[in-house]
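Remarks on the structure that follows.
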Amino acid sequence: MSTTDRELRIGMVGYAFMGAAHSQAWRTVNRVYDLPARASMALICGRDSGQVAQAADRLGWDAYTTDWRDLINRDDIDVVDICTPGDSHAEIALAALAAGKHVLCEKPLANTVAEARAMTAAADTARAAGARSMCGFNYRRVPAVTMMRQMVADGRLGVIRHVRATYLQDWIVDPQFPLVWRLQKERAGSGALGDIGAHIIDLTQFVVGQRITGVSAVTETFVKERPLPAGSSGLAATMDGSADGSGPATGPVTVDDAAIFVARLDGGALATYEASRFATGRKNALRVEINGSLGSVVFDLERLNELEFYDATRPTLEQGFSRILVTEGEHPYMSAWWPPGHIIGYEHSFTHQMRDFIEAIAMGTDPAPSFADALQVQLVLDAVTRSAEVGSTWTEVEPALT
Ligand code: SOE
């Protein structure tokens with residue numbers, strides 16, 4: 001346990017899936033890492049007083065409120081953690097930054113480029129007064145992903161030629177799955193593209209240190225009408241099966257179910273990206289392969305303690321993809337956990353995220369990904385959407401039979 005007496009009082013808005021994941025991390029981070037400040041779980045906010053009271057008890061928060069403005073206006077809150085649907089990220093973050101709070105905002109940063117630009121400008125202004133801000137692209141903080149970045153930076157892969165990223169889920173394959181907020185453009189901004197495509201855009205730019213400069217995209221909405229939700233929203237409708245979609249009415253799905261695009265990166269690499277919620281059997285399957293002139297490296301979220309590494313500099317007779325077990329104390333983030341070979345999980349990436357955020361706040365440094373980094377992701381999302389809408393770069397294959 002840290003011996004510091006500096007306290008960071010956290011106020012979190014939202015208590016669904018990401019609220020639970022962030023709460024786990026706030027509860028854990030100071031018990032695992034010795035940090036220059038100690039996070040206290042002061043206040044959780046949600047619209048429904050009964051549900052947020054239960055969440056406060058279950059997730060370990062000292063108090064609760066149903067008004068996020070109350071949370072932001074309190075002098076005894078230092079950090080605002082935004083775990084709400086994308087349509088409220090900008091409003092809450094702008095108010096929190098104006099109040100001088102440090103802000104952690106879930107991904108994607110916003111629902112539009114305009115919102116993301118405003119948030120980035122406000123973060124820059126708040127930074128001058130000492131407030132730090134970060135966007136919650138948690139997969140950067142899987143130790144194996146940070147190690148990939150180090151391998152690329154150390155030149156182990158040589159010149160990067162290809163980036164190949166997929167993020168595949170299947171939780172809405174059933175056409176009777178209800179029209180939850182993630183399927184409504186005005187709430188979520190986009191569908192698979194912004195929800196899971198944003199992760200592989202950020203992760204690959206982080207790993208290879210290059211930025212996407214252009215795309216050619218297709219998107220599709222396979223199921224265009226869905227039953228209105230009877231109760232649960234978000235992924236809760238899948239987790240507890242309570243959303244029976246029995247409501248009499250249906251509504252239009254206004255977001256993409258899948259987005260696929262090719263891209264060029266500013267360091268010369270060619271890339272392919274696929275984000276889909278209709279990859280039947282794939283539950284949360286994120287896979288990234290980087291090919292370089294001296295080797296390749298592969299990350300698979302379902303095997304998140306490992307990397308596959310192909311070292312083209314090895315003797316020909318010894319060539320092959322080897323498995324690196326990323327559990328040594330010298331590996332990123334791992335010194336605080338268990339002896340080598342004792343693996344960690346999905347939730348640890350959030351604890352690592354809070355560790356880095358607390359350290360940045362306490363040391364007065366800039367956490368990454370910044371809002372400016374997240375704006376870059378938002379600009380790519382926007383380019384993919386525009387490309388898919390105009391289809392101008394799409395060249396039809398001539399039919400075999402004329
Ligand atoms: C739903 O697709 C979701 O919860 C995303 O919103 C998260 O960012 C991802 O990590 C897991 O799946």
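Since we're looking at a predicted model, the values are computed, not measured. Read the numbers this way: they start at 1 and go in the same order the structure lists the ligands and their atoms.
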### Task
Give the numbers and elements of all ligand 1 atoms closer than 4.0 Å to a heavy atom of Tyr167.
9 (C), 10 (O), 11 (C)
### Task
Take every heavy atom of Phe137, measure it against each atom of ligand 1, and state whether any distance is under 4.0 Å.
no
#### Entry: Ligand-residue contact atoms, ligand 1 with Asp195, heavy atoms, under 4.0 Å
1 (C), 2 (O), 5 (C), 6 (O)
### Message
Show me which atoms of ligand 1 lie under 4.0 Å from any heavy atom of Phe17.
### Response
4 (O)
### Task
Heavy-atom distances under 4.0 Å are what count here, so tell me which part of Phe350 touches ligand 1: side chain, backbone, both or neither.
neither
### Task
Without swapping roles, check the side chain of Thr365 against the backbone of Ile361 for a donor-acceptor pair under 3.5 Å.
no
#### Entry: Atoms in ligand 1 with a heavy atom of Tyr346 nearer than 4.0 Å
10 (O)
### Message
Quick check against the 3.5 Å criterion: does Lys101 have a side-chain atom that pairs as donor or acceptor with the backbone of Ala131?
### Response
no
### Query
Is it true that a side-chain atom of Thr146 and a backbone atom of Pro143 form a donor plus acceptor pair closer than 3.5 Å?
no
### Task
Could you list which atoms of ligand 1 come closer than 4.0 Å to a heavy atom of Ile196?
2 (O)
### Task
Looking only at distances, please establish whether an N/O atom of ligand 1 is found under 3.5 Å from an N/O atom of Arg182.
yes
### Task
Consider every N or O of Glu106 and every N or O of ligand 1, then say whether any pair is closer than 3.5 Å.
no
### Task
Report the C-alpha separation of Gln51 and Tyr15 in whole Å, then their side-chain angles, then the decisive distance to 0.1 Å, and conclude whether the side chain to side chain donor-acceptor pair (under 3.5 Å) test is met.
CA-CA 9 Å; Gln51 291 191 28; Tyr15 53 80; 3.2 Å; yes
### Query
Between His348 and Tyr333, is the ring centre distance below 6.0 Å?
no
### Query
Is the Trp337 to His342 ring centre distance short of 6.0 Å?
no
#### Entry: Per-residue contact class, His199 against ligand 1 - non-hydrogen pairs under 4.0 Å
side chain
### Distance-only N or O hit between ligand 1 and Arg277, under 3.5 Å
no
### Message
Quick one, Gln205 with Gln210, criterion side chain to side chain donor-acceptor pair (under 3.5 Å). Give me CA distance, side-chain angles, the key distance, then yes/no.
### Response
CA-CA 5 Å; Gln205 292 188 137; Gln210 299 185 31; over 6 Å; no
### Query
Hey, is the main chain of Thr219 close enough, under 3.5 Å, to the side chain of Asp256 for a donor-acceptor pair?
no
